[in-house]
Amino acid sequence: MSAAKKFTDSGIEIKNVYTAADLSAVDAQQLTERPGQFPYTRGVQADMYRGRLWTMRQYAGFSTAEESNKRYHYLLSQGVNGLSVAFDLPTQIGYDSDHPLAEGEVGKVGVAIDSIDDMETLFHNIKLEDVSTSMTINATGFILLSLYVALAKKQGADLSKITGTIQNDILKEYAARGTYIYPPKPSMRIITDIFEWCSKELPKWNTISISGYHIREAGSTAVQEVAFTLANGKAYVKAALQKGLDINTFGKRLSFFFNSHNNLFEEVAKFRAARRMWAVMMKELGATDPKAMMLRFHTQTGGSTLTAQQPQNNISRVTIQTLAAVLGGTQSLHTNGYDEALSLPTEEAARIALRTQQIVGFESGIADSADPLAGSYFVENLTAEVEQKAWELIAKIDAMGGSVSAVENGFIQDEIAKSAYEYQRKIETGDKIIVGVNKFKISEETGVTGFKIDDSIRNIQTEKLNKLKARRSAETTDLCLKEISAAAINGRNLMPVVINAVENYCTLGEISDALRKVFGEYK
C-alpha cells in the first residue's frame, strides 16, 4: 500500500526521498554559485552572518508616544539593535486622533502620531543617528518620513547618516490590507517622489519595503507571496524609470518584507528563489550595479499562524519560523510574541520573542556558515519549483499590463482569496493539522493575561492637538497646506513642502486632507 501524497502549503508535491537525479531540474550553474555573487541565491553577502548577524528588531507601538517610548527604551536595553514602529489605524489612513472616524481606534493597533510633537516624544532620548528605524506605514508614509526627517534635523543629525526603512508599499494595500487613501496613480507618484528626494537627501534610507508579509497574512501561498511581491516591485521600478530616475541609484535603496511560516523547507526555498528572481528581473530592467540587483529583506514571523488556543505553543512556531528566516538569509528579523493572537504583546512575550532570535544567533551554530542548506537535493529542487511557479504567475500579471492593472481588475485579490479559502477548508476537514486547534485540543483556559489599551487615549491625543493648534500660527499653517496642494497639482516633488509643513506644526490629518482634495479617495 503506497503512502498518501504530501504537498507543501503552495501545492508543490513532495517526494518521499530526493537524490542527485532530482537536481536535473536545477541549473547546474546554480550549484557552483557562492554567496555574494549574482544572482545571490545563496545570500547577498559573501560571509553572511559571520560578518554581522541580522538586525534584531521588535515591532512595537501602542497607546501614546510616551508609552511607546518606554517600550523602545526597554527593548534597546534588552539587546534590540533596530526599532520597528507600529502605527494606529487613524495614523495609517490619514486621520488625526480627534477625527470622528478615529473614535475607538486611537492607539489600539499601534502608536498615535498626529504631529511633530508626538514624533519628538516617541523618540525622546533616542538619537536617530544611532538607531535604524523601520516604520510600517504606507498611505501616509511620506508624512511619517517627513516627521522623522524634521525630528532628525531638530536633533542636529547628519541626514546622510540616518538609516532605516519606510514600508511605503501601497500596491499591496489595494490587494491585501486596505489601508489606502488615494487612487493607485497618485499613490505611485508619491512613492516615486520619495525615491527621488531620498536619493539626494537621505542616501542611506531604504525608501520602500516591498511587502509580501501582508499578502501572506491575507491568505496567499508562499509561491503567491513571492510572485505578487516581486511583480509589485517591478511596477515600482518601472514607475521610477518613467520619472527619469537612475535604477542603479534608487535600486540600492529598495528592500523587501517577507513572512515566515511553519513549513520550514518551503520557506527557505521561497527566500532563496526570491533573491534569484529579483536579481534577474533588475538586470533585465537595466541595472548594472550589483547592489541594485540584490534583494535585501526584513522578515516577520507569521502572525496568522499564531493560535489563541494553547498560546504557549506559539513559542515553538516562532522558533521554527525564525530558523527558516535565518537559514533563508534574512537581513533583519522581527519575532512575534506568543500572546499576539490574544492582544498586543506583553513585555514578557516581547522579551521571549527577542531571546528566541538571540538563542538562534548565538547558540545554535546556524549563523556560522552562509546558506548551510545549499546543495541539499530537496532544498535545491524546491527552490527551483517555487521559482518556476512564481515566474508563471508573474507572466500572467505582465500580460495584464503589470501589478497596477492586476489590482484594478481584481486578479491578485481573487487569487489570494481562493488560497485563503482552500487553506481554511483543509483546517476544517482536518487535512491540515493545527496543533491545539483541530487536533491535540485541551479544555483548560489559556491563563494568559492580554495587554489592554485604555480608551482614554483619544482624549489625551485630542487635548495635545488642541494645545498645538492654539500655539501655532494659523496663517503659516494655511500657507503650508496651500503649498502642498499646489505641488500636488503642478507635479513638484511633495517631500520638501510636506517637511516644511510638519516643521510648522501642520498635522498628519491636515496634510492628508489637503491631498484628498486634489487626488480624491480610492473606493
Side-chain angles (χ1 to χ4, degrees), residues 59-76 83-128 131 133-155 157 162 164 166-168 179 181 344 453-473 476-477 480-481 484 498-514:
Y59 193 41
F62 55 89
S63 182
T64 61
E66 290 88 347
E67 290 302 313
S68 292
N69 176 261
K70 290 176 189 175
R71 178 65 66 90
Y72 293 157
H73 280 286
Y74 171 75
L75 290 170
L76 289 167
L83 297 175
S84 189
V85 186
F87 298 96
D88 73 357
L89 193 57
T91 303
Q92 292 180 48
I93 55 178
Y95 293 121
D96 288 333
S97 297
D98 60 357
H99 193 284
L101 292 177
E103 188 168 358
E105 295 293 344
V106 177
K108 289 294 176 70
V109 298
V111 63
I113 299 293
D114 294 319
S115 72
I116 184 69
D117 285 356
D118 289 328
M119 188 62 88
E120 194 163 7
T121 303
L122 186 66
F123 291 100
H124 180 63
N125 283 338
I126 298 172
K127 285 186 67 178
L128 300 192
V131 295
T133 303
S134 173
M135 295 190 281
T136 304
I137 194 77
N138 297 284
T140 55
F142 65 106
I143 304 174
L144 272 301
L145 178 58
S146 297
L147 287 163
Y148 196 82
V149 168
L151 177 59
K153 289 165 68 178
K154 208 168 183 180
Q155 288 186 354
I162 296 295
I166 195 150
Q167 190 162 99
N168 195 30
T179 61
I181 303 173
L344 290 169
I453 300 297
D454 196 318
D455 283 327
S456 67
I457 302 304
R458 185 166 184 255
N459 296 332
I460 294 169
Q461 287 299 114
T462 298
E463 189 177 337
K464 286 184 193 174
L465 281 164
N466 290 338
K467 288 179 179 177
L468 176 140
K469 290 174 182 177
R471 77 171 193 267
R472 72 185 184 183
S473 164
T476 303
T477 300
C480 288
L481 294 173
I484 289 171
V498 174
I499 292 169
N500 180 59
V502 300
E503 287 176 330
N504 283 288
Y505 301 100
C506 291
T507 69
L508 174 135
E510 290 169 338
I511 294 166
S512 299
D513 284 346

- For Val111 and Ile113, what are the C-alpha separation, side-chain angles and deciding distance, and is it a side chain to side chain contact (heavy atoms under 4.5 Å, CB included)? CA-CA 6 Å; Val111 63; Ile113 299 293; 4.0 Å; yes
- Start with the C-alpha distance between Val502 and Met119, add both sets of side-chain angles, then the distance that settles side chain to side chain contact (heavy atoms under 4.5 Å, CB included), and finish with yes or no. CA-CA 10 Å; Val502 300; Met119 188 62 88; over 6 Å; no
- Would you please test Glu120 and Lys154 for side chain to side chain contact (heavy atoms under 4.5 Å, CB included) and show each step? CA-CA 9 Å; Glu120 194 163 7; Lys154 208 168 183 180; 3.0 Å; yes
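Taking the side chain as every heavy atom from C-beta outward, Thr140 and Ile93 never approach each other to under 4.5 Å. No side-chain heavy atom of Thr136 sits less than 4.5 Å from a side-chain heavy atom of Val85. For the pair Thr121/Glu67, no side-chain contact is recorded, criterion being any heavy-atom separation below 4.5 Å from C-beta on. Within the 4.5 Å cutoff, side-chain heavy atoms of Leu83 are placed close to those of Leu76.
Using a distance-only test at 3.5 Å, with no hydrogens or angles considered, no donor-acceptor pair links the side chain of Asp114 to the main chain of Asp96. Judged by distance alone, the side chain of Gln155 and the main-chain N or O of Ile126 form a donor-acceptor pair under 3.5 Å. A donor-acceptor contact shorter than 3.5 Å links the side chain of Thr507 to the backbone of Glu510. A donor-acceptor contact shorter than 3.5 Å is absent between the side chain of Thr91 and the backbone of Phe87. In this structure a side-chain-to-backbone donor-acceptor pair under 3.5 Å is present from Arg458 to Asp98.
Atoms CE and CG, on Met135 and Leu144 in that order, are 5.5 Å from each other to the nearest 0.5 Å. Separating the CD1 atom in Ile511 from the CD1 atom in Ile143 is a distance of 5.0 Å, to the nearest 0.5 Å. The distance from the CD1 atom of Ile484 to the OG atom of Ser512 is 9.0 Å, given to the nearest 0.5 Å. Atom OG of Ser63 and atom CZ of Arg71 lie 11.0 Å apart (nearest 0.5 Å).
Residues forming a side chain to side chain contact (heavy atoms under 4.5 Å, CB included) with Asn504 (at least two apart in sequence, or on another chain): Thr476, Cys480, Asn500. Residues passing the salt bridge (Lys or Arg N to Asp or Glu O under 4.0 Å) test with Asp118 are Lys464, sequence neighbours excluded. Every residue two or more places apart in sequence or in another chain was checked for a salt bridge (Lys or Arg N to Asp or Glu O under 4.0 Å) with Lys127, and none qualifies. In terms of the salt bridge (Lys or Arg N to Asp or Glu O under 4.0 Å) criterion, residue partners of Glu463 (sequence neighbours excluded) are, by chain and number, Lys467. Residues meeting the side chain to side chain contact (heavy atoms under 4.5 Å, CB included) test with Asp117, sequence neighbours left out: Ser115, Leu468, Arg471, Tyr505.
Nearest heavy-atom pair, Ala157 versus Ile162, reported as atom, atom and distance to 0.1 Å: CB-CD1, 4.0 Å. Shortest non-hydrogen contact noted between Ala112 and Ser97 is CB-OG, 3.8 Å. Among all heavy-atom pairs drawn from Gly107 and Asp88, the shortest one is N-OD2, 2.8 Å. Contact between Tyr95 and Leu508 at its shortest, heavy atoms only, is N-CD2, 3.9 Å. Residue Tyr72 comes nearest to Leu122 through the heavy atom pair CE1-CD1, 3.5 Å, listed as atom of the first residue, atom of the second, then distance.
Ion pair Glu103/Lys108 not flagged as a salt bridge, since none of the NZ, NE, NH1 or NH2 atoms sits closer than 4.0 Å to an Asp/Glu carboxylate oxygen.
Heavy atoms from other residues, nucleotides or ligands lying under 6.0 Å from NE2 of His124 number 12 at most.
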Side-chain atoms of residues 145-153: list all donor-acceptor pairs with protein atoms under 3.5 Å, sequence neighbours left out, distances to 0.1 Å.
from   : atom 1 : to     : atom 2 : distance (Å)
Ser146 : OG     : Phe142 : O      : 2.7
Tyr148 : OH     : Thr133 : OG1    : 2.8
Lys153 : NZ     : Glu503 : OE2    : 2.9

